[in-house]
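As structure tokens, the structure follows; a few thoughts come after it.
Side-chain atoms are counted along with the backbone in the values below, which use heavy atoms only and exclude waters and symmetry mates.
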Amino acid sequence: MKSIRFYKILVLILIVLNLSTVYFLYSGAKHHGPPDKNELINLLQLTGTKKITIVALQDQHFKKKHQLMQKSRNLHEELFQSFNKTDTNTAHAIINNIVENQREIEQMTFDYFQEVNSLCTPSQQVKLQKLLHEVLKRAGGPHPPRK
């Protein structure tokens, strides 16, 4: 009788764990994927030539980033296919290419936001900073320094 009770409790715990996992996967999914193209423009309340300039910068940035992310996926695939090879120099070379590609992505992103920041008024720059901090929190990346 005790073993039946134990298994009932165990099944109940597993059901609760499964439901909570599904909930967190579903609720967390809305923060992933490409950002809303108009989020930055709406937040900064851009109009006129600044809006046109930033839309063009944004399109160029995401096109280049997409290419670099595809290159990263290809490099990672190549790395994991090199497990069967005994030559570690090949793996090291691929890892160095991955690191260089990631550096390009980070530099390109920094340059993009630096350009956007230069087009903003001081009050818009504050809003941009807050948005960047929020995006970093959502992405789970390194936390920005506290002020």
Side-chain angles (χ1 to χ4, degrees), residues 8-147:
K8 285 181 180 180
I9 291 172
L10 184 63
V11 167
L12 183 64
I13 290 171
L14 290 174
I15 289 172
V16 169
L17 282 173
N18 283 334
L19 289 175
S20 60
T21 301
V22 170
Y23 169 76
F24 284 115
L25 287 175
Y26 176 73
S27 66
K30 64 183 174 188
H31 296 297
H32 299 294
D36 179 15
K37 192 173 185 176
N38 295 319
E39 183 178 6
L40 184 63
I41 292 165
N42 293 338
L43 176 78
L44 299 177
Q45 298 171 335
L46 297 169
T47 58
T49 57
K50 284 186 179 182
K51 179 179 179 180
I52 294 168
T53 303
I54 289 181
V55 166
L57 285 172
Q58 202 172 36
D59 289 342
Q60 179 184 6
H61 169 74
F62 283 115
K63 182 178 179 184
K64 177 72 174 163
K65 187 171 182 177
H66 177 73
Q67 292 170 348
L68 290 171
M69 295 298 286
Q70 184 61 46
K71 181 179 177 182
S72 178
R73 282 188 286 276
N74 293 340
L75 286 168
H76 279 89
E77 183 67 32
E78 185 180 345
L79 176 66
F80 292 119
Q81 288 179 358
S82 73
F83 281 148
N84 297 331
K85 299 176 185 174
T86 57
D87 181 21
T88 58
N89 291 332
T90 303
H92 290 295
I94 296 169
I95 291 170
N96 287 336
N97 288 338
I98 291 170
V99 169
E100 179 58 27
N101 189 64
Q102 186 61 38
R103 190 204 63 73
E104 280 186 60
I105 292 170
E106 299 298 334
Q107 184 66 54
M108 180 201 57
T109 302
F110 178 82
D111 293 343
Y112 163 70
F113 282 112
Q114 195 172 36
E115 280 188 76
V116 169
N117 191 59
S118 70
L119 294 169
C120 293
T121 65
S123 65
Q124 289 171 328
Q125 289 174 345
V126 171
K127 291 177 183 178
L128 179 62
Q129 283 282 325
K130 287 181 181 178
L131 175 67
L132 291 175
H133 286 281
E134 191 59 39
V135 168
L136 282 175
K137 284 183 198 173
R138 285 190 300 203
H143 295 288
R146 292 184 178 170
K147 291 185 178 181

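Within the model, atoms CG of Leu79 and CD1 of Ile98 stand 5.0 Å from one another, a figure rounded to the nearest 0.5 Å. Atom CG of Asn42 and atom NZ of Lys127 lie 11.0 Å apart (nearest 0.5 Å). Separation of atoms CG (Leu14) and CD1 (Ile9) is listed at 12.0 Å; rounding is to 0.5 Å. Taking CG from Leu43 and CD from Glu134, the interatomic distance works out to 11.0 Å, rounded to the nearest 0.5 Å. Rounding to the nearest 0.5 angstrom, the gap separating the CD atom in Glu77 from the CD1 atom in Ile94 is 10.5 Å. Rounding to the nearest 0.5 Å places CD of Gln124 at 9.5 Å from CG of Leu40.
You'll find the side chain of Asn18 stays beyond 4.5 Å of the side chain of Val22, heavy atoms only.
Among residues two or more places apart in sequence or in another chain, the side-chain hydrogen bond (donor to acceptor under 3.5 Å, both in side chains) test is passed with His76 by Ser72. Considering only residues two or more places apart in sequence or on other chains, Arg73 meets the salt bridge (Lys or Arg N to Asp or Glu O under 4.0 Å) condition with none of them. Every side-chain hydrogen bond (donor to acceptor under 3.5 Å, both in side chains) that Gln102 has, sequence neighbours left out, goes to Glu106. Evaluation of the side-chain contact (heavy atoms from CB on, under 4.5 Å) rule for Gln67 yields Lys63, Lys64 as partners, not counting sequence neighbours.
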I'd like to know whether Asn97 forms a side-chain contact (heavy atoms from CB on, under 4.5 Å) with Asn101, so could you lay out the CA-CA distance, the side-chain angles of the two residues, the decisive distance to 0.1 Å, and finally the verdict.
CA-CA 6 Å; Asn97 288 338; Asn101 189 64; over 6 Å; no
Trace of the side-chain contact (heavy atoms from CB on, under 4.5 Å) decision for Gln70 with Asn74:
CA-CA 6 Å; Gln70 184 61 46; Asn74 293 340; 3.2 Å; yes
Side-chain atoms of residues 108-117: list all donor-acceptor pairs with protein atoms under 3.5 Å, sequence neighbours left out, distances to 0.1 Å.
residue, atom, partner, partner atom, Å
Thr109, OG1, Ile105, O, 2.9
Asp111, OD1, Gln107, NE2, 2.9

Expected list for residues 45-57: side-chain donor-acceptor pairs under 3.5 angstrom, two or more places apart:
residue, atom, partner, partner atom, Å
Lys50, NZ, Leu119, O, 2.9
Thr53, OG1, Thr49, O, 2.8

